[in-house]
Amino acid sequence: MAKVSIVGGGLAGCDAAWQLARAGHEVILFEMKPDKRSEAHTEDGLAELVCSNSFRATGPAAAIGLLKEEMRALGSLVMEAAYATQVPAGGALAVDRTLFSEYITAKLESHPRVTVIRKEITSLDAGELAGNDAVVIAAGPLASQELTESIMAAVGDERLYFYDAIAPIISRDSVNFDKAFWGSRWKPEDDDYLNCPMSEEEYKAFVAALLEGEKVKPRDFEKEVHFEACLPVEAMAERGEMTLAFGPLKPVGFVDPKTGERPFAIVQLRTENKDKTAFNLVGFQTKLKYPEQKRIFRMIPGLENAEFLRLGSIHRNTYVNAPEVLDESLQLRARPGFYLAGQITGVEGYLESAACGLWVGLSLARRFDDLSLKNPPRETALGALLGHLADKPDKAFQPSNVNFGLMPGLEKKMKKKFRKEAYGQRAQEAFRVWLEQVDLTN
Ligand code: FAD
């Protein structure tokens, strides 16, 4: 029987603890509440949902729906609790947050191999963490300051971030190629970029919509700090009507092949994955509310029917540059024996965090039992999410929720309405085959 300490009794920490304990290992779970709380946590229980009570869509036509199925198949405590405390929410899975947290707290506190200790861990070198076979840090996006500083000292301060500025990602198949064209500035043959040309009238209407669009109000602890390099697109628009046209939307170096002329402004989309099935809107990090993003960004010529794989956001978030600082098993390269799990790795979202914790717990348990466990293939939701943490991006590493853009593209071209289903069926089959191969029953 191995002994593992887990720091953080949130979504990731609880699913990691559950996997290890059910496999016969001893777990010490450190949770700093109630003595100390992050700015967003208010309750005493484990696995607190700090904002929405929704775990988003169900069913295989959504990547998050697939992730739910895979987590259930792997024995996730978070999924078990979610279905046990479900409240009606149409096609989504939503829970009674109090019952959800109580369910998980009771399961872990009553487990004979789990000890929950209410204490803040302030350093990777803390005495409490000594003498373990492994340590899992699952302290979340608002990890306490001293622990964050200790992680930063281990990984290097340029590899740990406190703020997220994310631009929306769009599925390539939803782009209208009657208007959009390929090429980068001065390089029309470059197929890493797509461009949406705007006339003066379209540009001015777009800027006006950005100014009027409803924005998310920052929470008290999210000071409105914006770095010049990642200003929200609407904040740039506020600086003047032409600021965007001279900034990220400048048309210099482009000729619209349809008109043979330089457009008034250009919205650039940069490829997001190897298969070029997903593109991000360059310079479009934003605090617009989600429905507003869809409404306003669909005003961009060529994006009238855009399918958003991820929407933009800017918020406080502690996460590492996973491809650089973590190995395949999510172990800190700089500190063997120390693993990260949850949002702090660079996944984004309740279930993604829980899935990440589940994976770290499960793979550690297998290793302790001298059993191998290869990663699920990239065609699956979990495999796609883990792939995101492993692949070194061309640009800066950014957190991601699970979405079809993280999976390999489909081999056959097909209409949008069939695509999601095809991704879903392929993922289910790939997961089934993987599960059979890895045989978790022994
Ligand atoms: P957490 O669930 O935050 O768990 C970390 C735990 O570690 C906490 O209980 C904390 O008290 C404890 N801890 C921290 N430091 C220490 C320490 N040094 N010693 C001991 N314990 C410690 N995602 C969604 O899908 N939907 C949403 O609506 C949503 N809203 C969010 C709102 C906010 C304000 C934030 C910050 C994030 C939100 N997220 C949301 C993103 C993310 O999914 C959640 O934060 C999720 O809870 C992350 O899971 P986790 O297990 O990684 O961290």
Side-chain angles (χ1 to χ4, degrees), residues 5-18 28-57 64 67-68 76-78 82 92-95 97 100-101 104-105 108 116-124 126 128-129 135-151 162-164 166 216-222 290 310-311 313-320 330 340-361 385 399-402:
S5 279
I6 299 179
V7 181
L11 292 159
C14 288
D15 245 352
W18 187 246
I28 318 286
L29 179 59
F30 290 98
E31 168 52 56
M32 68 179 181
K33 298 188 303 180
D35 289 348
K36 186 160 180 178
R37 297 176 195 281
S38 82
E39 306 86 331
H41 290 84
T42 57
E43 307 299 322
D44 291 350
L46 302 176
E48 179 178 349
L49 302 180
V50 289
C51 187
S52 156
N53 67 331
S54 170
F55 289 130
R56 310 185 343 251
I64 189 72
L67 188 65
K68 289 185 182 71
S76 158
L77 176 61
V78 164
L93 171 61
V95 299
R97 70 179 73 236
F100 172 80
S101 168
I104 290 182
T105 308
L108 287 174
V116 179
I117 299 180
R118 302 290 187 148
K119 189 170 200 293
E120 179 191 7
I121 298 295
T122 52
S123 162
L124 298 182
E128 293 89 340
L129 302 183
V135 172
V136 179
I137 305 292
L142 306 172
S144 73
Q145 192 177 339
E146 281 179 76
L147 179 64
T148 306
E149 281 166 12
S150 168
I151 300 171
F162 299 99
Y163 221 66
D164 240 359
I166 286 181
V216 179
K217 288 196 181 61
R219 291 163 175 253
D220 291 345
F221 61 90
E222 289 181 319
Y290 283 174
R310 178 184 83 184
L311 287 156
S313 65
I314 300 184
H315 56 80
R316 174 73 212 276
N317 191 15
T318 308
Y319 67 99
V320 297
L330 307 188
L340 296 193
Q343 182 114 347
I344 200 164
T345 62
V347 298
E348 170 89 31
Y350 291 152
L351 280 192
E352 288 86 342
S353 299
C356 181
L358 180 158
W359 179 252
V360 171
L385 199 60
S400 182
N401 59 5
V402 68

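For ligands, and for the atoms within them, numbers begin at 1 and follow the listed sequence.
For the pair M32/V7, no side-chain contact is recorded, criterion being any heavy-atom separation below 4.5 Å from C-beta on. Annotation: side chain of T122 is not in contact with side chain of E149 (no heavy-atom distance under 4.5 Å). Two residues are said to be in side-chain contact when any heavy atoms from C-beta on lie closer than 4.5 Å; I104 and W18 fail this criterion.
Distances from ligand 1 to the non-hydrogen atoms of S38 include no value under 4.0 Å. Under the 4.0 angstrom criterion for non-hydrogen atoms, K119 is in contact with ligand 1.
Taking any N or O of Q343, backbone or side chain, at least one lies under 3.5 Å from an N or O belonging to ligand 1. Close N/O approach between S144 and ligand 1 is found [any backbone or side-chain N/O within under 3.5 Å]. For a threshold of 3.5 Å applied to N or O pairs, the pair formed by V7 and ligand 1 contains no separation below that value. Close N/O approach between E31 and ligand 1 is found [any backbone or side-chain N/O within under 3.5 Å]. At least one N or O atom of I121 sits closer than 3.5 Å to an N or O atom of ligand 1.
Here atom 53 (O) of ligand 1 lies nearest to G140 when heavy atoms of S52, G9, G140, A126 are compared. Among G357, P141, G349, the residue whose heavy atom lies nearest to atom 43 (O) of ligand 1 is G349. In the candidate list M32, K33, R56, H41, M32 is nearest to atom 22 (C) of ligand 1, counting heavy atoms.
Looking at I121, I6, L330, L124 one by one, the single match for side chain to side chain contact (heavy atoms under 4.5 Å, CB included) with I137 turns out to be L124. Partner of L11 under the side chain to side chain contact (heavy atoms under 4.5 Å, CB included) criterion, out of L46, V78, L77: V78 alone. If you run side chain to side chain contact (heavy atoms under 4.5 Å, CB included) between S76 and each of L67, D15, L351, only D15 comes through.
Comment: E39 engages R316 in a salt bridge, judged by a side-chain N to carboxylate O separation of less than 4.0 angstrom. A salt bridge is defined here as a Lys NZ or Arg NE, NH1 or NH2 lying under 4.0 Å from an Asp or Glu carboxylate O, and E348 with R310 fails to meet this definition.
Contacts of A138 with ligand 1, taken as heavy-atom pairs under 4.0 Å, involve the backbone alone. Only side-chain heavy atoms of V50 come within less than 4.0 Å of ligand 1; its backbone N, CA, C and O stay farther off.
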